[in-house]
Number of protein chains: 2
Amino acid sequence: MRLYAERGYEQTTVADIASEAGLTARTFFRHFADKREVLFSGSEILLERMVEALDAVRPGQGPMRAVAAALDAAAVMLGRDPSFSRRRQSLIDASAELRERELIKMATIGAALADGLRRRGVPAADASLAAEAGIAVFRVAWEQWLAGPPEADLAGIMRATLERLSTVTTALSPEAADG
Amino acid sequence: MRLYAERGYEQTTVADIASEAGLTARTFFRHFADKREVLFSGSEILLERMVEALDAVRPGQGPMRAVAAALDAAAVMLGRDPSFSRRRQSLIDASAELRERELIKMATIGAALADGLRRRGVPAADASLAAEAGIAVFRVAWEQWLAGPPEADLAGIMRATLERLSTVTTALSPEAADG
DNA sequence: TGGACGATGTCATCAAGTGACATCACTGGA
DNA sequence: TCCAGTGATGTCACTTGATGACATCGTCCA
């Protein structure tokens, strides 16, 4: 992250990173599938936590309740270190390649959530939809959290955004869009 | 597309493609930013059509109405050639690199829709949320359309999925999830 | 003590991408 | 008719990401 921040992602070679760590480029690729992956090593853990939280929701609760629990778990995990999150995100935002990678990590989480919902007995189409909606909320809430003060409560923003999504999608005419 | 289908995306080199077209690899890169981009040349047009449709919605209509119009425009454009769409999508699904690229195209469209909504006076956060929700609907409907019979009506599926999203997000308890 | 194993290094190689420069066909005037 | 400009292409050289094959070295265990 330091090197990416100093020179920019594209200007930093894998050889740079490796030698900084006292290793070889070849060794770098034994630890990370590619140059992007360094910034996304935590995403499997995030996925696991979210799926665990989703699975832990009492059966019989609707899919969005389960998704909300997953979002809460994500917020707890990601909300701990705002400064780290900001630095990391600014690197990602600065590089198209990294943004692509971030998107596929999100998509992977979405697919896992959808799977989890189906395991709960949610019809396949609803599961996909609820999971995608969850990801949408995640994204918007995350962005909002990063834009706000460091002390802001990510979990709270997530919940409010989820709430808001339901309002926005339901209100097809403007006058119903109160907040 | 033929080469990608025959040998797979990774096994096809840019030199292969170029020589197939009677050109040089260097020339390929003058027409496409990279090897992935060949499959996504149509996406700017799709974006334009969707934004046009969004802009054309009567002011005062809620954001989801505008998004629905954009989805409709997309459906019209993408629903024309189911066989082409299927072949193309199966190539994309087979390659992580291509899936990444597809995701960033979707994200770009989402950002453009959010922008369009803000131009309509929709509050920034609601705009992001409505746009992301639209993309979610797009994705799920698209997948469903591809899985179904070729004669299925993409626009109809989009509308139904949007409808369904509102039901799913609103219904936080299971008993409310009729539909 | 010896051997399995895991982490690393070394070397060779391929493919993606890019910059610099040359070539060639076409087109719009002088 | 010819010439200059322009755009598309080719050629060459080079960097970098990524991978396979093989060697080395240290640790741990039977």
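Protein chains get the first letters and strands the later ones, always in sequence-line order, with residue 1 at the start of each.
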Quick one: is A:Thr27 getting a side-chain N or O under 4.0 Å of the C:dT8 phosphate, OP1 or OP2? no

Mark yes or no: A:Arg87 above the aromatic ring of A:Tyr4, with NZ or CZ under 6.0 Å from the six-membered ring centre and no more than 45 degrees from the axis. no

Could you walk me through whether B:Ser128 and B:Arg118 pass the side chain to side chain donor-acceptor pair (under 3.5 Å) test, one step at a time? CA-CA 9 Å; B:Ser128 297; B:Arg118 281 182 216 113; 2.9 Å; yes

How far apart are the C-alpha atoms of A:Glu6 and A:Arg2, what are their side-chain angles, what is the distance that settles it, and do they pass the salt bridge (charged side-chain N to carboxylate O under 4.0 Å, His left out) test? CA-CA 6 Å; A:Glu6 282 173 12; A:Arg2 210 191 67 237; 3.3 Å; yes

Sub-4.5 Å side-chain heavy-atom contact between A:Met64 and A:Leu129: no

What is the distance, to the nearest angstrom, from the CZ atom on A:Phe32 to the P atom on D:dG17? 15 Å

Does a side-chain N or O from B:His31 land closer than 4.0 Å to OP1 or OP2 of D:dA8, or not? no

Derivation and outcome, salt bridge (charged side-chain N to carboxylate O under 4.0 Å, His left out), residues B:Glu10 and B:Lys35: CA-CA 10 Å; B:Glu10 308 230 348; B:Lys35 194 183 160 189; over 6 Å; no

Given protein heavy atoms under 4.0 Å, the one-letter contact record of nucleotides 16-24 of chain C, with B base, S sugar-phosphate only and - none, is simply SBBBB----

